[in-house]
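One structure is given below, encoded as structure tokens.
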Amino acid sequence: MPRYLKRILIGVTVFLMGYMLLSTYVDHLLKKLIETQVEKFSSAHYKLEIADIETSLWAFNAVIKDMRITKVRHQHLPNERYYFTLSAARVYVKQINPIDLFFNHNIQLQELLIDKPNITFDYNDTINTPIEKDISLIKFYYELNKVVLKDAGIHVNKRSGEKFTIGVHQLSYSLKEKYLLIDSIKIKGLNSVYHAFDYDCKIEHAQLYGLDLNALLNRMEFGYSSCHIGSLNMQMKAHSLLKKSSVFKSSQLPQIKSISGGKINPLRIDYLSISYQSKQDFVEVSGKRFFYATKQLRMHQINLKLNQKHHTTSYIDKVVITGFDADRLIDEKHISISRLSIEHPIIKSSLKVHENYVKALPFTADHIGYSIDSIKELVIHNGALQLSDKRKPNLQFDVEKIEMLVKNLDPQYLYRPNETSIPDYIMLKSGKVHLNFPNNIYQLNMQATAYNSREQRLQIDSLNMQSNYDKKTFYTHVKKQVSRINLKVHQLDLNGFDI
């Protein structure tokens, strides 16, 4: 073998041996520095276990194998808000600073990608003692820039009995910018004490700005400055339908309520779908371009399905609600609305699908638990109504071009069947009205109607009631000697008409 080839071979061998020794040294150094840093910044609150570390000196990256980090329980801190355990087979550390690592024996964890982690939280929601921020997390803000979770499983167990199971396809969080990016996440909530239902929720393509991780962990406050969600689908089922009942003491509910939540800041959802099912009710609403900010809510292209006493389907171009305090609704479970504006609703209702619906009242166990006390002003523009009854297939009632203004409406009268609640003011106008009577003998048509409750005045233009059959066919259907009536009124004006 030529001498120059021997020298090259010896050089390559020495280089490879040096690289292997250096890599082994770096693996050991990196593991020691990570363990020391966690212990230093956490003030003995956290315990870190690492099986092995493999580094790539060329890419300045590392892979941590079989990592487990646990928040340690201390007997002298019985009222600690939460504990957690995070375990992952692979954790990828990116953008290691080699100069800082070799010469200063310091490591800055710029970015962590945690693959298929399993995270368990034990959260005490039955105490209301103010707790300071977790200082260890604040210090980590300066050492860690970004955390990415991929295919994560998160389990949250609350002292009250409530449980969350969260599946994350991919999630990234910037600690310095407090910015959360979610590709896809599924949340399952069980055994809630404060809510009377379990739920499944799927969120896709979400961006949250100003998310405070300390507030979330220490006070369970999901606070943010603004949020944009691509799609949100939520399905709720009443505990009574699932044959569940709460055994938690009701006296402790105020404590749970007072430490739950966070302010609802600007929220935008491109597509929203929500459903609620109980023994008595099924409600489903979906829509596009949902937006909430400063006590105003609006949504477009809404599809609504109600299966209660009557079966109703509706399509609405646009809904705008002002004076809608979402924070108060979440905290107190009831609110009043200043103004509800409904643009171009098309309502189709099949009457009395559930004949025993009223007899089943009260059904407080089936109620979703949130209610609207009053609506100061209800406005409907360019609406349409279609009523039918399967028991009476000939019945048909259609109303076009509905314009309505109602003041001081009490929505809760629907749950008080033995009471009557009349709004302070009703103004109603409509275009064509068509009624085909259940016996299919007559039909009634009106070209336009107008009603004003304050003036107690009803006006009808071009009222026309006529038989659906000619004289011979009419008596064949009636089968008795009665008068066949055709009525035409050009204009009808009723004063003193009080509904």
Side-chain angles (χ1 to χ4, degrees), residues 26-56 61-75 77 80-96 107-125 134-141 143-159 162-175 180-190 211 213-214 216-218 220:
V26 171
D27 291 348
H28 175 76
L29 177 61
L30 191 60
K31 179 180 179 181
K32 188 67 176 177
L33 287 175
I34 292 175
E35 291 174 343
T36 303
Q37 191 176 48
V38 169
E39 183 179 356
K40 173 184 174 182
F41 287 138
S42 64
S43 302
H45 280 84
Y46 296 92
K47 180 181 178 181
L48 177 66
E49 300 173 74
I50 297 174
D52 193 15
I53 293 181
E54 291 182 359
T55 57
S56 173
N61 294 336
V63 179
I64 303 174
K65 297 182 178 180
D66 295 329
M67 186 191 78
R68 181 183 177 91
I69 183 168
T70 305
K71 185 173 182 182
V72 182
R73 297 177 182 267
H74 293 282
Q75 293 182 354
L77 295 173
E80 192 75 5
R81 183 76 76 198
Y82 72 96
Y83 299 96
F84 78 89
T85 299
L86 184 152
S87 59
R90 294 285 188 273
V91 178
Y92 299 89
V93 184
K94 299 182 178 182
Q95 302 177 15
I96 298 174
I107 176 174
Q108 293 186 1
L109 304 177
Q110 294 294 321
E111 181 177 341
L112 292 181
L113 192 156
I114 307 176
D115 189 26
K116 298 178 181 178
N118 186 24
I119 307 171
T120 301
F121 275 92
D122 292 321
Y123 184 77
N124 190 351
D125 59 345
D134 194 331
I135 303 301
S136 61
L137 286 173
I138 295 178
K139 290 182 179 178
F140 271 125
Y141 286 177
E143 307 299 324
L144 180 61
N145 180 39
K146 184 179 180 181
V147 177
V148 179
L149 301 182
K150 188 174 181 180
D151 297 328
I154 304 173
H155 307 273
V156 181
N157 303 309
K158 292 187 177 183
R159 181 71 61 84
E162 187 174 6
K163 298 178 183 295
F164 296 101
T165 301
I166 305 172
V168 179
H169 179 255
Q170 185 161 314
L171 174 153
S172 64
Y173 179 69
S174 174
L175 285 85
L180 178 68
L181 178 63
I182 297 174
D183 177 62
S184 178
I185 185 171
K186 294 181 180 180
I187 306 172
K188 187 178 186 66
L190 302 171
L211 176 63
L213 188 60
N214 277 299
L216 177 62
L217 293 177
N218 290 291
M220 211 62 179

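Only this structure's heavy atoms are used, side chains among them; waters, hydrogens and symmetry mates stay out. In this text the structure is predicted, and so the values were computed from the model without any measurement.
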pair [X]-[Y]: side-chain heavy atoms closer than 4.5 Å:
X    : Y    : value
I64  : V93  : yes
L112 : Y92  : no
K146 : L175 : no
L180 : L171 : yes

For L149 and V168, which heavy atoms make the closest approach, and how far apart are they?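 L149 and V168 have their closest heavy atoms at O-CG1, 4.4 Å.
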Nearest heavy-atom pair of V148 and S172: which atoms, and what distance?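 Minimum heavy-atom contact is CG2-CB, 3.8 Å.
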Counterpart residues, side chain to side chain donor-acceptor pair (under 3.5 Å), relative to H155 (two or more places apart):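 Residues passing side chain to side chain donor-acceptor pair (under 3.5 Å) with H155: none at all.
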Set of residues satisfying side chain to side chain donor-acceptor pair (under 3.5 Å) with respect to D66, sequence neighbours excluded: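 Checked D66 against side chain to side chain donor-acceptor pair (under 3.5 Å); zero matches.
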Among I154, L190, V156, which residue meets the side-chain contact (heavy atoms from CB on, under 4.5 Å) test with F164?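 Considering I154, L190, V156, a side-chain contact (heavy atoms from CB on, under 4.5 Å) with F164 is found only for V156.
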I would like to know whether I166 and I185 meet side-chain contact (heavy atoms from CB on, under 4.5 Å); could you show each step before the answer? CA-CA 7 Å; I166 305 172; I185 185 171; 3.4 Å; yes
Salt bridge (Lys or Arg N to Asp or Glu O under 4.0 Å) against K186, all qualifying residues, sequence neighbours excluded: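 Salt bridge (Lys or Arg N to Asp or Glu O under 4.0 Å) list for K186, sorted by chain: empty.
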Spatial distance of atom [atom1] ([X]) from atom [atom2] ([Y]) [nearest 0.5 Å]:
X    : Y    : atom1 : atom2 : result
F84  : I119 : CZ    : CD1   : 8.0 Å
K158 : F121 : NZ    : CZ    : 12.5 Å
I114 : L86  : CD1   : CG    : 5.0 Å

Just jot down the side chain to side chain contact (heavy atoms under 4.5 Å, CB included) partners of K116, sequence neighbours excluded, or say none.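 For K116 the side chain to side chain contact (heavy atoms under 4.5 Å, CB included) partners, ignoring immediate neighbours, are D151.
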What's the verdict on side-chain contact (heavy atoms from CB on, under 4.5 Å) for T120 and N157, showing C-alpha distance, side-chain angles and the deciding distance? CA-CA 8 Å; T120 301; N157 303 309; 4.1 Å; yes
Please test R90 against K65 for side-chain contact (heavy atoms from CB on, under 4.5 Å), starting from the C-alpha separation and ending with a verdict. CA-CA 5 Å; R90 294 285 188 273; K65 297 182 178 180; 3.7 Å; yes
Please check if the side chain of Y173 supplies one atom and the backbone of L211 the other of a donor-acceptor pair under 3.5 Å.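 Answer holds: yes.
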